[in-house]
Amino acid sequence: MKVLTVIGARPQFIKAATVSNKIRRNGNSEILVHTGQHYDNNMSDIFFEELNIPKPNYNLSIGSSNHGHQTGSMLIALEEIYLKEKPDMVLVYGDTNSTLAGALCASKLLIPVAHVEAGLRSFNKAMPEEQNRILTDHISDLLFTPTLTALNNLRNENVINGVHNVGDVMYDAVNLFKERAKEVSKVIETFDLAPNSYILSTIHRAENTNSLERLTSIIKALSNSNKKIILPLHPRTKKFIQEYNLHVGDNIKIIDPVGYLDMISLQENAQKIVTDSGGVQKEAYFLKKPCITMRDETEWVETVNNGWNVIVGSDTNKILDALENFNPTGTPASAFGNGDTSSIITQIIEDHLK
Ligand code: UD1
Ligand code: UDP
């Protein structure tokens, strides 16, 4: 079988490190296409190097632009490659513009589409991710849901055929790379951090960065906290903090985005995590760290229902209160599969293409 995988943004490199590597280890042919949506070394190359992801066969170098321009440019470039490579299936991950372009281009050429992380819904259609995932799910032939909630979301939209509830590949990734992170990451020493002495934060969602009011409120909360905050800053957020001329407190240490192994290490050693990232909410759960989510809703409702994640939006007081008082106890219940999701996905794709 010949699978063509489309990736382009940071979380997709991490997901591909599990499934794509498994597809190849099973002796299948995979063409890897990087759209170039993320392109800085610490947003792209570092993941390929650290996680042994094969060098992409194609890099479209699409880069940053408005949604229509970015997605449209991907479609044009991908079509040429699909027509040349004639894959049996196109594999996409998550909910970025690269996901939608990869799936839509395949669907138009009648190439079957497999979607990893299908069925997620925030029920907030203003989010570009929600638009991308709904559209991708409705043109996919194989839909791999990470949770029962995602499976039910698809059922509610009458998407039944080809749906497999398989668990979450990001759980595979944490299990796969946790030991290596312990061995090689020096980030704790580099920034002179004592375990459990700091809060780890990430911020990058459009709904937070594109709103002066929301980003101001978030940065104010973090700055007013009496805790040390480590903030590996996404370039989008860096740009907006400068543009809005926001005051950042001395307790916040802004660092460049880090590689996955350093990120696991930073999460494992943090007291709490405060984030708007989808992937980081789950990793906090896998690593038993209290997670404070600076969004108005989450797709990962299991983490909230099991008591390890609290939704605080961008409200300064709610963020501060959770930083001080959110202290879950017990053990997070298993809700994301057994850590063998990439093998299950590979097997299903192989059976489907037999
Ligand atoms: C994208 C995804 C989002 C995902 C995130 C993961 C879409 C619509 N959004 O958001 O779902 O959670 O990736 O991180 O696909 N930039 C750089 N260097 C880079 C990449 C980006 O400087 O290597 C800056 C550019 O100013 C760019 C901005 O970040 O305009 C946003 O990048 P973009 O890929 O459009 O969206 P993300 O916010 O990264
Ligand atoms: N991540 C990373 N370095 C960072 C910030 C995040 O390796 O500086 C990892 C994080 O551990 C998770 C993934 O990137 O595996 C999440 O990606 P992101 O937050 O960019 O996107 P989302 O998951 O919200 O789509």
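Computed from a predicted structure; not experimentally measured. In listed order, ligands and their atoms are each counted from 1.
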Do [X] and [Y] have side-chain atoms, one donor and one acceptor, less than 3.5 Å apart?
X: Thr237; Y: Thr209; answer: no
X: Tyr171; Y: Ser342; answer: no
X: Thr18; Y: Asp172; answer: no
X: Ser122; Y: Glu297; answer: no
X: Tyr39; Y: Ser64; answer: yes
X: Gln347; Y: Asp351; answer: yes
X: Asn153; Y: Arg121; answer: no
X: Asn26; Y: Thr346; answer: no

How far is [atom] from its nearest protein heavy atom, and which residue and atom is that?
atom: atom 35 (O) of ligand 1; value: Gln70 NE2, 3.9 Å
atom: atom 27 (C) of ligand 1; value: Ser64 OG, 3.2 Å
atom: atom 6 (C) of ligand 1; value: Pro11 CD, 3.5 Å
atom: atom 1 (C) of ligand 1; value: Gln37 NE2, 3.7 Å
atom: atom 26 (O) of ligand 1; value: Lys239 NZ, 3.5 Å
atom: atom 18 (N) of ligand 1; value: Asp40 OD2, 2.9 Å
atom: atom 4 (C) of ligand 1; value: His204 NE2, 3.7 Å

### Query
Any heavy atom of Lys238 sitting closer than 4.0 Å to ligand 1?
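Per 4.0 Å heavy-atom rule, Lys238 does not contact ligand 1.
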
### Message
Parallel, tilted or perpendicular, judged at 30° and 60°: which one describes the rings of His204 and His234?
### Response
parallel

### Task
Using the six-membered ring wherever Trp is involved, compare the ring planes of Phe48 and Phe13 and label them parallel, tilted or perpendicular (cut-offs 30° and 60°).
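Tilted: the ring planes of Phe48 and Phe13 meet at 30° to 60°.
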
### Task
Determine, considering heavy atoms only, which of Glu129, Arg10, Glu130, His38 sits nearest to atom 9 (N) of ligand 1.
Glu129

Using a strict cut-off of 4.0 Å, indicate which atoms of ligand 1 neighbour a heavy atom of [X].
X: Asn97; value: 7 (C), 8 (C), 15 (O)
X: His234; value: 14 (O), 29 (O), 37 (P), 38 (O), 39 (O)
X: Pro235; value: 16 (N), 17 (C), 18 (N), 22 (O), 24 (C)
X: Met43; value: 23 (O)

### Query
Is any side-chain heavy atom of Val258 less than 4.5 Å from a side-chain heavy atom of Asn42?
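SC-SC contact between Val258 and Asn42 ruled out.
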
### Query
Using heavy atoms and a threshold below 4.0 Å, how should the contact between Arg236 and ligand 1 be classified: side chain, backbone, both, or neither?
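Answer for Arg236: both.
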
### Query
Heavy atom under 4.0 Å from ligand 1: found in Ser65's side chain, backbone, both, or neither?
neither

### Query
When you look for protein heavy atoms under 4.0 Å from ligand 2, which residues do they belong to?
Arg10, Pro11, Ile14, Phe47, Met170, His204, Arg205, Pro232, Pro257, Val258, Gly259, Tyr260, Met263, Gln267, Ser277, Gly278, Gly279, Val280, Glu283

### Query
Could you give all pairs that pass the salt bridge (charged side-chain N to carboxylate O under 4.0 Å, His left out) test and reach residues 104-116, with sequence neighbours left out?
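Salt bridge (charged side-chain N to carboxylate O under 4.0 Å, His left out) check on residues 104-116 returns no pairs.
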
